[in-house]
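Quick notes on the structure that follows.
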2 protein chains.
Amino acid sequence: MPTHYTGTVEEIIALNTFIKLTRATESLNARLAAKGTLGNLTITQFGVLEVLYHLGPMCQNEIGAKLLKSGGNITLVIDNLEKRSLVKRQASPEDRRRRTITLTETGRKLIQEVLPVHVQAITAEMSVLNPQEQSTLANLCLRLGKKD
Amino acid sequence: MPTHYTGTVEEIIALNTFIKLTRATESLNARLAAKGTLGNLTITQFGVLEVLYHLGPMCQNEIGAKLLKSGGNITLVIDNLEKRSLVKRQASPEDRRRRTITLTETGRKLIQEVLPVHVQAITAEMSVLNPQEQSTLANLCLRLGKKD
DNA sequence: CGATTATTATTCAATATCAAATTATTTGAT
DNA sequence: ATCAAATAATTTGATATTGAATAATAATCG
C-alpha cells in the first residue's frame, strides 16, 4: 500500500520499513517542534547544549561526533550559540588546534529549564507505544544504527 | 547508559527510545548518502522525482504534503530540479494558482535508473534485521508516525 | 453580486548542512 | 630533529528548511 515499487519480497519489506522509519522520525520531530518545547532553540542547538550539560566541556570535534554533524556545521551552530552567550569558546592548553566549548551560566540555566519540559513532550508522544513496545523499538533501532 | 537524564522510568524509556530512533534514522541516511546511490540528487530531490514517478503529475502543494516539507522549500527544490531539466512546471487549467509539476523524459529516465540501485542499497542496510523484525519495526513506526 | 476568507506559489531572512579548500598545529616515522 | 601525514577549526559555495509576508486566484456567504 505505501510502496509502489516493484521488486523482490525482500526489497518491498526493506523499503516499506525504511519509509515508515523515516516518516515516524520526521513526523515525531515535526510534532515536537510544533509544541515549542525547545525554548527558542533549534534541534541541533538543543543537542549541543544537552551534550555539554550531561558530558561536560568538550571540543567542537567531539560535539560533531556525538551529534553526527560535520565540522563546518558545528562551527556555525557554536557561532550562533555564542552570539546568544549560551556557550563560550576557550583555548585548549594541551592542544592549540582545539577550542574547548563550555556552557555559560545562562546556557546551563536554559538547558536545565528546557530539558524536563522537552522530555515530557517526548514521553507524551512516545506513549502511543507501551514501555515494552518502546524497548523493542529501541533495540531494533540500536541494531540498525550500529556501525557508528 | 545512553541517557544521562534523571527522571521517571517512563521518561527514561521514552527518551532512550527516541534517541535510538533518531540515531538509527540519521546514521542509516548517512551511510546511504555515502554509498552515492542517489545519482547526484539530494534526498528531497530524489523524493520529489520518486513521488512524481509513482503517483504522476501533481501540484507543489501536494508534493509538499507527501514529503512533509514546507511550501517555500518545495518551490526551491523544484527550481533546482527544473534547472537540470528533470521536471517542468505547467499551468493548471482548472486552477490558475496551481503549477502542475511533471517529470521530463530526462527526469523519468534518471529516476528509473537510480531507484533500483537505491532500493538495493536500502535493502542491504536493512538486512541486519530479518524480515520479521523489519515488519515489527515498520508496525511500531507506523503507530508512532500516525496523526499525519 | 461583492466582500471576506482561503488557498497556491513565491520571496525573504535566518539557520542548517555538507563537501571541499585552507590554515594552524600536532604527531609520527625515518 | 625534520619532514610528511594527520587532525582541528574555519571559510566558502551550494542546497535545504522553516516561518512569515506577499501576490494572485478561487471559493464562500450574506
Side-chain angles (χ1 to χ4, degrees), chain A residues 22 25-36 38-49 57-84 86-102, chain B residues 22 25-36 38-49 57-84 86-102:
Chain A
T22 303
T25 305
E26 284 179 359
S27 83
L28 207 47
N29 276 320
R31 274 177 277 150
L32 286 171
K35 285 195 179 183
L38 282 174
N40 217 21
L41 296 166
T42 67
I43 292 253
T44 308
Q45 289 173 348
F46 184 90
V48 170
L49 296 188
M58 63 181 74
C59 74
Q60 299 187 183
N61 219 23
E62 293 175 289
I63 296 175
K66 298 276 181 216
L67 303 181
L68 306 182
K69 305 292 176 186
S70 71
N73 185 13
I74 294 298
T75 293
L76 178 72
V77 173
I78 299 290
D79 281 352
N80 288 329
L81 288 172
E82 206 174 27
K83 275 181 207 154
R84 289 172 61 185
L86 298 173
V87 302
K88 58 176 187 288
R89 287 177 162 99
Q90 292 174 309
S92 169
E94 329 87 64
D95 187 336
R96 274 183 298 179
R97 289 170 304 182
R98 298 191 180 186
R99 332 276 307 267
T100 302
I101 313 301
T102 321
Chain B
T22 302
T25 305
E26 286 179 358
S27 84
L28 208 47
N29 275 320
R31 274 177 277 150
L32 286 171
K35 285 195 177 181
L38 283 174
N40 217 21
L41 296 166
T42 67
I43 292 252
T44 308
Q45 289 173 347
F46 184 91
V48 171
L49 296 187
M58 62 181 72
C59 74
Q60 300 187 183
N61 220 24
E62 294 175 289
I63 296 175
K66 298 275 182 215
L67 303 182
L68 307 181
K69 305 293 175 185
S70 71
N73 185 13
I74 294 298
T75 293
L76 178 73
V77 173
I78 299 290
D79 281 352
N80 288 328
L81 288 173
E82 206 174 28
K83 276 181 206 153
R84 291 171 61 185
L86 298 173
V87 303
K88 56 176 187 289
R89 286 178 163 98
Q90 290 173 312
S92 170
E94 328 88 64
D95 187 337
R96 272 183 299 178
R97 290 170 304 182
R98 298 190 180 187
R99 331 278 309 267
T100 302
I101 313 301
T102 322

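Since the structure is predicted, the reported quantities are computational estimates derived from the model, not experimental observations. For the numbers below, each heavy atom of this structure counts, side chains included, while hydrogens, waters and symmetry mates do not. Letters go in sequence order (proteins before strands), and every chain restarts at 1.
Here the closest non-hydrogen pair linking B/Gln45 and B/Asn40 is OE1-O, 4.3 Å.
A straight line from CZ of B/Arg99 to P of D/dA24 spans 14 Å, rounded to a whole angstrom. We find that NZ of A/Lys66 is positioned 14 Å from P of D/dA8, with the value rounded to whole Å. Regarding B/Ile74, its CD1 atom lies at a distance of 12 Å from the C1' atom of D/dT18, rounded to whole Å. One can place CG of A/Asn29 at 15 Å from P of C/dA16, the figure rounded to the nearest angstrom. Following rounding to the nearest Å, B/Ile43 (CD1) and D/dA14 (P) show an atom-to-atom distance of 21 Å. What separates NZ of B/Lys69 from P of D/dT18 is a distance of 6 Å, to the nearest Å. Between the P atom of D/dA8 and the CD atom of A/Gln90 lies a distance of 18 Å, rounded to the nearest Å. Rounded to an integer number of Å, the gap from B/Asn73 CG to C/dC12 C1' is 14 Å.
Regarding contacts with the backbone of C/dA16, a side-chain N or O of A/Thr42 is found under 4.0 angstrom from either OP1 or OP2. Listed pair B/Arg89 / C/dT10 meets the phosphate criterion, a side-chain N or O lying under 4.0 Å from OP1 or OP2. Put simply, B/Arg96 has a side-chain N or O that comes within less than 4.0 Å of OP1 or OP2 on D/dA26. Of the side-chain N and O atoms in A/Thr44, one or more sit less than 4.0 angstrom from OP1 or OP2 of C/dT17.
Judged by distance alone, the side chains of B/Arg31 and B/Ser27 do bring a donor and an acceptor atom under 3.5 Å apart.
Taking CG of B/Leu86 as the start and CG of B/Asn80 as the end, the distance is 10.5 Å to the nearest 0.5 Å. Rounded to the nearest 0.5 angstrom, A/Glu62 CD and A/Leu67 CG are separated by 11.5 Å.
Ranking D/dA9, C/dT15, D/dT10 by closeness to the A/Asn80 side chain, first place goes to C/dT15. Ranking C/dA16, D/dA9, D/dA16 by closeness to the A/Leu76 side chain, first place goes to C/dA16. Looking at the side chain of B/Val77, the nearest of the listed nucleotides D/dA16, C/dT25, C/dA16 is D/dA16. Of the candidates D/dT18, C/dA9, D/dA9, the closest approach to any side-chain atom of B/Gln60 belongs to C/dA9.
In this model, a side-chain donor or acceptor of A/Arg97 finds a partner on the base of D/dT7 within 3.5 Å.
Electrostatic pairing of B/Glu82 and B/Arg89 counts as a salt bridge here, judged by a charged N lying under 4.0 Å from a carboxylate O.
For C/dT25, the paired base is D/dA6 (Watson-Crick or G-U wobble, both distances below 3.5 Å).
With DNA chain D read from its 5' end, the first of the two nearest nucleotides for A/Ala33 and A/Ile78 is the one closest to A/Ile78. Residue whose closest nucleotide on DNA chain C sits further toward the 5' end, between A/Glu94 and B/Gly71: B/Gly71. Each of A/Asp79 and A/Asp95 was matched to the nucleotide of DNA chain D holding its nearest heavy atom; the match closer to the 5' end belongs to A/Asp95.
In the displayed structure, A/Lys66 atom NZ is contacted under 6.0 Å by at most 12 heavy atoms of other residues, nucleotides or ligands.
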